Amino acid sequence: MGIKKESILVMDFGGQYTQLIARRVRECNVYCEIGSYKMTAGEIKEKGYMGVIFTGGPNSAFDDNGPKCDPDLFKLGIPVLGICYGAQLMAATLGGKVVSIQDTREYGKTEIEVNPSSLMFHNAQAKNICWMSHTDRIEEVPHGFKVTAISKDCPIAAMEDITKNFFGVQFHPEVSHTVEGQLYLKNFLYNACGCTANWRMDSFVADTIKSLKEKIGDKKVLCALSGGVDSSVAALLVHKAVGKQLTCIFVDHGLLRKDEGDNVEKVFREQFDMNLIRVNAGERFLTRLAGVSEPEEKRKIIGEEFIRVFEEESGKLGKIEYLCQGTIYPDVVESGAGESAVIKSHHNVGGLPEDIGFEGIIEPLRDLFKDEVRKAGLELGIPEFLVNRQPFPGPGLAIRIMGEVTQEKLDILSEADAIVREEISALGDECRSDQYFAVLTGVRSVGVMGDGRTYDHTIAVRAVTTSDFMTADWARIPYDTLERISNRIVNEVKNINRVVYDITSKPPATIEWE
Ligand code: XMP
């Protein structure tokens, strides 16, 4: 795509903020890709990157086994910005000196003093706060470099060689605690690399539709639509490109939230006039789930049954050349990363195996981060309630019902969940919560209603704040709201006599209960 001509490489040295750096670069309207530190100078040159950013990393720059870059990349004439470990590596590779400072290590918010006449700190405040986290530091800059920032414990907090366009910062400009971090990044991207901020969602949408049209030609495309933001935006891009050559299959597994299936159908059928097949397969899924209470087993069954239903329906449609999927950039990056322990076998409804008999896969969102997908969705006119939806797991309410899933339990949970969502979303800015829902705990307890004894179900309310869903804290929902939720659930939903609030962070708990 034409607009990708201006591209930055974020070279990953194993730092925890790699994806955040890439998102920040994109927020400056500059396209970037994450690549391994093992990329050679030749590969970097061939890709035509306009600049390279070295991320931080857990190693020491003088550790022989630590990740190193190809030293020849410094001969390419491309601007390089090293962050934290990346800056130390740059210093060590180009002839400077890096030392360990175990005794006075800096961590957290730190005041720095910058030289505003440097390129990196052009138009910046002379004194400001930044985020430091390091146990090594640069002791001597390489030949040709000047020191451009200092802090109390770090005499070389930033350095630059303006003739070669090499820059190093000991702190993390990508972290929000670094007050002017975005300005520093812009100075590097615009003033050193010469990027023109041409990565914008309106041009992404227009360009993608154009290239999809060319790629698909007069062939047919199939998409599994779940109503989630990724599959919705992917499908709509294809629909705008080739109209009715796209068929979407929406497998309603009966495990969706209240009214969700109808709302999704309405938007895509009525607003966008898409070729949509809705398969109401709720009974089929429940039959397969009967008697099953083990969480992984439930997930497996739902994943398999989903593929079966999808294959059956697509088989009725005759030859279709392409399959469209809502894969996004973090999926691409993460699947390339190392092995991590499998806590839960996450699956996306729509996450179909690639060998199900298509000529090719179309993944229009492969380059986008989630917030960019949302922007593209709004650009395409998808209603806000779909674009800004909180995450909803592929296996749906089945993994929010502890134990066996039955229609009766689904009815109870979807009613209680609708109340939780209505009350918490009404809080707006008063209380941030990134994901909130009800769980049917599988616990029954004794209560008293009117003059009678009850022995009924317990609903747990789960609400968390998080930035990446990898870690999360429980949301401090105001007591008044919790009270209203509890009263409404007990009064409005049959067979519930107790409501509890989950006050566990992740870790040690996970966000979902199964
Ligand atoms: P956990 O429970 O692992 O969830 O803390 C982290 C985030 O992932 C969502 N989640 C899923 N999403 N398919 C999905 O698409 C799944 O199978 C799945 N399981 C959990 C969960 O809602 C939370 O946002």
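A quick note: this is a predicted structure, and the numbers were derived from the prediction, not measured. Note that ligands are numbered from 1 as they come in the structure, with each ligand's atoms numbered from 1 the same way.
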Chemist: Of all residues at least two apart in sequence or in a different chain, which pass the salt bridge (charged side-chain N to carboxylate O under 4.0 Å, His left out) check with Asp259?
Modeler: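 Testing Asp259 for salt bridge (charged side-chain N to carboxylate O under 4.0 Å, His left out), a comparison that skips the adjacent residues, returns none.
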Chemist: Using the ring of Phe369 (Phe, Tyr or Trp, six-membered ring only), decide whether Arg26 places NZ or CZ under 6.0 Å from its centre and within 45 degrees of its axis.
Modeler: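 Checked: cation-pi criterion not met.
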Chemist: Only heavy atoms of Pro391, strictly under 4.0 Å: list the atoms of ligand 1 that pass.
Modeler: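 Close to Pro391: 24 (O).
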Chemist: Under a 4.5 Å cut-off applied to non-hydrogen side-chain atoms, are Gln271 and Pro383 in contact?
Modeler: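 Yes; the side chains approach each other to less than 4.5 Å.
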Chemist: Write out all pairs satisfying salt bridge (Lys or Arg N to Asp or Glu O under 4.0 Å) with one or both partners inside residues 397-409, taking only residues at least two apart or from two chains.
Modeler: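 As it turns out, the salt bridge (Lys or Arg N to Asp or Glu O under 4.0 Å) pairs with a partner in residues 397-409, which skip direct neighbours, are Arg400-Glu512.
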Chemist: Just to be sure I read this right, does ligand 1 sit under 4.0 Å from the backbone of Gln390, its side chain, both, or neither, counting only heavy atoms?
Modeler: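 The answer is neither.
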Chemist: Quick one: look at Pro395 and ligand 1, take heavy-atom pairs under 4.0 Å, and tell me if it's side chain, backbone, both or neither.
Modeler: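 Near ligand 1, Pro395 shows its side chain, while the N, CA, C and O stay back.
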Chemist: Identify, by atom number and element, the atoms of ligand 1 in contact range of Thr510, meaning under 4.0 Å from any of its heavy atoms.
Modeler: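 Those atoms are 1 (P), 2 (O), 5 (O).
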Chemist: Checking side-chain contact (heavy atoms from CB on, under 4.5 Å) for the pair Glu174/Ile83: CA distance, chi angles, key distance, verdict?
Modeler: CA-CA 9 Å; Glu174 71 278 17; Ile83 295 175; 3.9 Å; yes
Chemist: Looking at ligand 1, would Met470 count as a contact under a 4.0 Å heavy-atom criterion?
Modeler: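 Outside the 4.0 Å threshold, so no.
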Chemist: Given Ala472, Pro393, Gly303, identify the one with the heavy atom nearest to atom 11 (C) of ligand 1.
Modeler: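 Answer by nearest heavy atom: Pro393.
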Chemist: Is Arg400 close to ligand 1, meaning an N/O of one under 3.5 Å from an N/O of the other?
Modeler: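 There is no such contact.
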